[in-house]
Amino acid sequence: MSATSNSYLDSAIQIGDRAASAADHIEQEMSLPSTLVEDLISSGLLQLYLRESVGGPGQGAMVAFHCVDSIARGDGSTAWCVMVSSTTGYLTGWLEADVLAEMAGSPPDFRVAGSFRPQGKATAVPGGYQISGRWDFCSGIEHANWAMLACTVEGESTSRAMFVPADEVEIVRTWSVMGMAGTGSHDVVVRDVFVPKERSATGEGPPDEDLRLYHPRLLRMATHAPVTAVTLGLAQGAIDGVASLAAKSGSSGSEQLLQHRPDVQTAMGEATAAVVAARAGVIDATQRAWDDPEDSLAVAEARLLYVHAGRVSLDAVQRLFHAVGTPAAMRANPIERRLRDLYVALQFPAFAPSVVLGGGQALLGLDPDGQGW
């Protein structure tokens, strides 16, 4: 990574430590504390994909992966918000640079929440679109300054992403979940809001700038590699937490330190090997695909390895949870929250069984149904 990329990673490591200290507060309040949001804004981590031509970081999937992974080791909700804000802004690649620059401001501060799923309806009007609808799972909406809302458009065959100032949307506080509570993934509602045409995009045709980030075969690398980083970071956080706990605590059935128990030693060995191997596979395949988007094998392997990494992360934390025993269920210890966060994170489409099906079809020389294979 370049010196600039390393600076983002250094910031991510520091913010991950701060997020770990605030994890209880984040879960209880179901949102990120303002001081942590300020750190995220000043670091640029909420806009990693914002183009350099408008003053943004202009980073790629691998930097986003490493940054999100580092933050997730401290807190899954914080990492999820970083992932969402950077990746939801992906379609700004099809906005003209002067439009995007005005939206981002100077210095750029571009925080995005929203949904790629077309849950709203739009009607073409002079100069743009009139939109209405309700969108769910808008992670980070409480600290976003833009909402990206996908709509079906009357008379158009392709859905269109509409970029709306966050103060023009209504937040409906629906987020009540077992994990990832701090993401604040509430619903948003807009009623008859006007969106200028230049602040909308379909993602079809050439982007405004010819950047590797916007290569059509790399969409899933750009958007799903950072999601996978959340799961791997959560698993690594659990491993690190168990190592610390095991050195000072026994279980309810024995005063012997956990670190001296063979079942805990075995679980630590298995979990670490699995997570390290999964992370290495994801990094290797993603980098190969990024270097050569026409490498169909690398693209298929990367997407399959994202699913595998998610499953491995959950399995690793489950192994640790059962080996540690009763202390693992205590909220004061760093295992149960990460386990709950993983169950919620794995509902994301990057980990769907259909991805494995499509990957298998691609590897067998067949033509999966779309999705950038």
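All figures in this text were calculated on a predicted structure; none of them were measured in a lab.
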Next on the checklist: Looking at Glu154, I'd like to know if its CD atom is crowded, meaning that more than 12 non-hydrogen atoms belonging to other residues, nucleotides or ligands lie closer than 6.0 Å.
Outcome noted: no
Checklist entry - Should Leu245 and Val324 be marked as a side chain to side chain contact (heavy atoms under 4.5 Å, CB included) after you check the CA-CA gap, both sets of side-chain angles, and the distance that decides it? => result CA-CA 9 Å; Leu245 176 67; Val324 168; 4.1 Å; yes
Item to check | Under the side-chain hydrogen bond (donor to acceptor under 3.5 Å, both in side chains) test, residues paired with Asp210 that sit two or more places apart | outcome: none
Next on the checklist: Would you say that Leu218 contacts Arg212 through its side chain, given a criterion of any heavy-atom pair below 4.5 Å between the two side chains?
Outcome noted: yes
Checklist entry - Residues in ring-ring contact (aromatic ring centres under 6.0 Å, His included) with Tyr214, at least two apart? => result Tyr90, Trp94
Mind listing the side-chain donor-acceptor pairs of residues 267-274 below 3.5 Å, one per line with the distance, residues two or more places apart or on another chain?
unit_1, atom_1, unit_2, atom_2, d
Glu270, OE1, Arg319, NH1, 2.7
Thr272, OG1, Met268, O, 2.8

Checklist entry - Is the count of non-hydrogen atoms from other residues, nucleotides or ligands lying under 6.0 Å from Glu96 atom CD greater than 12? => result no
Checklist entry - Any sub-3.5 Å donor-acceptor pair from Asn333's side-chain atoms to Ala328's backbone N or O? => result no
Without placing hydrogens or testing angles, list every side-chain donor-acceptor pair under 3.5 Å for residues 141-149, not counting sequence neighbours.
unit_1, atom_1, unit_2, atom_2, d
Glu142, OE2, Arg173, NH1, 2.2
Asn145, OD1, Arg111, N, 2.8
Asn145, ND2, Asp109, O, 2.8
Trp146, NE1, Met103, O, 3.1

Checklist entry - Do the side chains of Leu45 and Leu48 get nearer than 4.5 Å, heavy atoms only? => result yes
Next on the checklist: I'd like to know whether Arg331 forms a side chain to side chain contact (heavy atoms under 4.5 Å, CB included) with Glu336, so could you lay out the CA-CA distance, the side-chain angles of the two residues, the decisive distance to 0.1 Å, and finally the verdict.
Outcome noted: CA-CA 7 Å; Arg331 290 187 181 272; Glu336 60 86 29; 3.6 Å; yes
Item to check | Joint hydrophobic cluster, Val344 plus Ile335, side-chain heavy atoms closer than 4.5 Å | outcome: yes
Checklist entry - Can you list the residues that meet the salt bridge (Lys or Arg N to Asp or Glu O under 4.0 Å) rule with Asp240, with sequence neighbours excluded? => result none
Checklist entry - Do Asp136 and Gln119 meet the criterion of a side-chain donor-acceptor pair at a distance under 3.5 Å? => result yes
Item to check | Closest contact, heavy atoms only, Ala323 versus Val264 | outcome: O-CG2, 3.5 Å
Checklist entry - Do Leu357 and Leu366 share a hydrophobic cluster, counting only Ile, Leu, Val, Met, Phe, Trp and Tyr and linking them when any side-chain heavy atoms are less than 4.5 Å apart? => result no
Item to check | Asp192 side chain to Ser132 side chain, donor-acceptor N/O pair below 3.5 angstrom | outcome: no
Checklist entry - Judged by modelled atom types alone, do Glu301 and Tyr306 share a side-chain donor-acceptor pair under 3.5 Å? => result no
Checklist entry - Are Ile239 and Ile283 in one and the same hydrophobic cluster, where Ile, Leu, Val, Met, Phe, Trp and Tyr link if side-chain heavy atoms are under 4.5 Å apart? => result yes
Next on the checklist: Using every non-hydrogen atom in the two residues, find where Gly74 and Arg338 come nearest and quote the distance to one decimal.
Outcome noted: O-NH2, 3.5 Å
Checklist entry - What about Leu40 and Ile26, same hydrophobic cluster or not, with Ile/Leu/Val/Met/Phe/Trp/Tyr joined at side-chain heavy-atom distances under 4.5 Å? => result yes
Item to check | Results of ring-ring contact (aromatic ring centres under 6.0 Å, His included) for Trp80 - residues two or more places apart only | outcome: Phe348
Item to check | Hphob cluster co-occupancy, Val37 + Phe110, side-chain heavy atoms under 4.5 angstrom | outcome: yes
Checklist entry - Counting only heavy atoms not in Glu156, do more than 12 fall under 6.0 Å of its CD? => result yes
Item to check | Pairs involving residues 51-64, ordered by first then second residue, that meet side-chain hydrogen bond (donor to acceptor under 3.5 Å, both in side chains) (sequence neighbours left out) | outcome: Ser5-Gln59, Arg51-Asp208, Arg51-Glu209, Ser53-Glu209
Next on the checklist: I'd like to check the side-chain hydrogen bond (donor to acceptor under 3.5 Å, both in side chains) partners of Glu204; sequence neighbours left out, ordered by chain and number.
Outcome noted: Thr158
Checklist outcome for this item: Separation between CG (Leu9) and SG (Cys67), nearest 0.5 Å, reads 5.5 Å
Checklist entry - Can any side-chain N or O of His186 pair as donor or acceptor with the backbone N or O of Ile171 at less than 3.5 Å? => result no
Checklist entry - Can you tell me if Tyr49 uses its side chain to pair, donor with acceptor, with the backbone of Ala222 under 3.5 Å? => result yes
Checklist entry - Any side-chain heavy atom of Phe65 within less than 4.5 Å of one from Met221? => result no
Item to check | Spacing of Thr183 atom OG1 and Met83 atom CE [to the nearest 0.5 Å] | outcome: 9.0 Å
Checklist entry - Does a side-chain N-to-carboxylate-O contact under 4.0 Å join Asp284 and Arg288? => result yes
Next on the checklist: Quick one, Leu297 and Leu363 - any side-chain contact, counting heavy atoms below 4.5 Å?
Outcome noted: yes
Checklist entry - To the nearest 0.5 Å, what is the distance between CG (Leu46) and OG (Ser86)? => result 6.5 Å
Checklist entry - Looking just at side-chain N and O atoms, do Ser11 and Ser43 make a donor-acceptor pair shorter than 3.5 Å? => result no
Next on the checklist: Checking Asp292 now: which residues fulfil salt bridge (Lys or Arg N to Asp or Glu O under 4.0 Å) with it, not counting sequence neighbours?
Outcome noted: none
Item to check | Partners meeting side-chain hydrogen bond (donor to acceptor under 3.5 Å, both in side chains) with Asp24 (sequence neighbours left out) | outcome: Arg337
Item to check | CA sep, side-chain torsions, deciding dist, call: Leu304, His308, side chain to side chain contact (heavy atoms under 4.5 Å, CB included) | outcome: CA-CA 6 Å; Leu304 289 168; His308 175 71; over 6 Å; no
Checklist entry - Residues in side-chain hydrogen bond (donor to acceptor under 3.5 Å, both in side chains) with Asp75, at least two apart? => result Thr78
Item to check | Residue pair Arg160, Ser200: steps toward the side-chain hydrogen bond (donor to acceptor under 3.5 Å, both in side chains) verdict | outcome: CA-CA 7 Å; Arg160 184 172 288 269; Ser200 72; 3.0 Å; yes
Next on the checklist: Between Leu339 and Leu234, is there a side-chain heavy-atom distance shorter than 4.5 Å?
Outcome noted: no
Checklist entry - What residues join Phe194 in its hydrophobic cluster, counting side-chain heavy atom gaps under 4.5 Å, either direct or through other members? => result Val125
